[in-house]
Amino acid sequence: VQQTLSEMLESILFTPLCGENGLFPEDGFLQEQRQLLETLDAEYNDKATYAMQRCVQTMFAGEPAGVPRIGTREAILKAAWEYAVKHAQICQFTIGDGADDRFAQQLVKRLGMRDAVSIETKRHTASGDVKRVTEEMPVVQSKLVMGFAIGTTPEERLAAKLMSVVLGGTPSSKLFMNVREKLSLCYYASSTLEKMKGLILVSSGIEFDKFQQARDEILHQLEEIRQGNMEDWELEGARSTLLNAYASMGDSQGKLENFYLGQAATGQDETPEIL
C-alpha cells in the first residue's frame, strides 16, 4: 500500500494531467481557480483573519513573507508548479507505523541534479518607522492587529515564546486580564510569536471609539514585560501552558508536521520531548 501511495504522490507532483498544449486542462484549472478565489473571499469575510494578513503584508511588503499563503488573484498555477518542481526544496515527513524511505529514494531518483533554491530565514528588522493602515468597513466589531519586531536571537526563541504566552497566550495573560477583563477595552486580545521572523503579533476585537485606549493599554502591557514586571504565577502559568502544548503535540499529526517543518526551516533539531 505504501508503495502504491508513494507512486501516486510522485505522479501528482511530477506528471500532473496536462493537455496537448502543455497546460492544465481548462475545466480543472477553472475549478481550482474558482475554489482559490472563494478561499480568498472567505478569508476577507473573516475580518480577524483579514486584519492579521494585512498586518503581515504591511510589515513584510516586498518580501516573500508578505505574500499570502495561497497566493494572489494574479497567480498563475502552471508557472508556479513548474518553478516548484525545478527549484523547491523537498522535505519529507513520514508519521505513523511502517515508515520507510522508499518515497524519499524515489524523489532522489526522479529529481536527480536540481538547481534547488537554498532555505534562508531572514529575520525581520524594524525600520524605526511605525506603519499604520486603516480600512473602513461596515462591521459591528473592529479589528486591531499590531506587529512588533522584538529583535531576539534564535537562541532566545524559547524565552520569546514564553514571553508571548505571558503577554497574551492564556486566559490569565496580561492582555486578557487587563485589557479585556479589568478595563473592558476589547472583546478579545491575544498574542502569537512568529519565531522564524522574530516578531510578535497582537490581535484584538474592539469598539472603534476605544481604539486609542486599547492600543495604548496593549503597548503598556508590552512595556511591563519589557521592564520585567511579571508575577511568579504569570510565569508558571505560561510555562504550564507551553509544557502541555508540547506534551500533547504527539496527539496530532498535523501539529507534529508543522512543528518539524518549522524546525527544519530554522535549522533546529530539538524534539517536543526535549523542549
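The residues of the chain are indexed from 1 along the displayed sequence.
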Hey, are the side chains of Leu17 and Phe24 touching, using non-hydrogen atoms and a 4.5 Å cut-off?
no

First locate atom OG of Ser204, then atom NZ of Lys210, and finally report the distance between them rounded to the nearest 0.5 Å.
12.5 Å

Where do Glu194 and Lys197 land on the salt bridge (Lys or Arg N to Asp or Glu O under 4.0 Å) test, with the steps shown first?
CA-CA 6 Å; Glu194 295 291 339; Lys197 299 299 290 183; over 6 Å; no

Do Met163 and Leu219 sit in one hydrophobic cluster, given that two such residues count as connected whenever their side-chain heavy atoms are within less than 4.5 Å of each other, even indirectly?
yes

Does Gln263 use its side chain to pair, donor to acceptor, with the backbone of Glu270 at less than 3.5 Å?
yes

Approximate separation, where rounding is to 0.5 Å, of Ser203 OG and Tyr188 OH
4.0 Å

So, taking the atom named CE in Met146 and the one named SG in Cys55, what distance separates them when rounded to the nearest 0.5 Å?
9.0 Å

Note, Val145 side chain near Val56 side chain (heavy atom, < 4.5 Å):
no

d(Asn178 CG, Ile218 CD1) to nearest 0.5 Å is 11.5 Å

Does Lys143 make a cation-pi contact with Tyr50 (under 6.0 Å, within 45 degrees of the axis)?
no

One should read off an interatomic distance between Leu36 CG and Asp41 CG, to the nearest 0.5 angstrom, of 11.0 Å

Less than 4.5 Å apart, side chain to side chain, heavy atoms only: is that true for Leu183 and Glu217?
yes

Going from SG on Cys186 to CG on Leu175, what distance comes out if it is rounded to the nearest 0.5 angstrom?
7.5 Å

If you define the side chain from C-beta out and look only at heavy atoms, does anything of Leu222 sit under 4.5 Å from Arg226?
no

Please check if Tyr187 and Leu185 belong to a single hydrophobic cluster, counting links between Ile, Leu, Val, Met, Phe, Trp and Tyr side chain heavy atoms closer than 4.5 Å.
no

For Lys47, does the NZ atom sit with more than 12 other heavy atoms under 6.0 Å from it, leaving out its own atoms?
yes

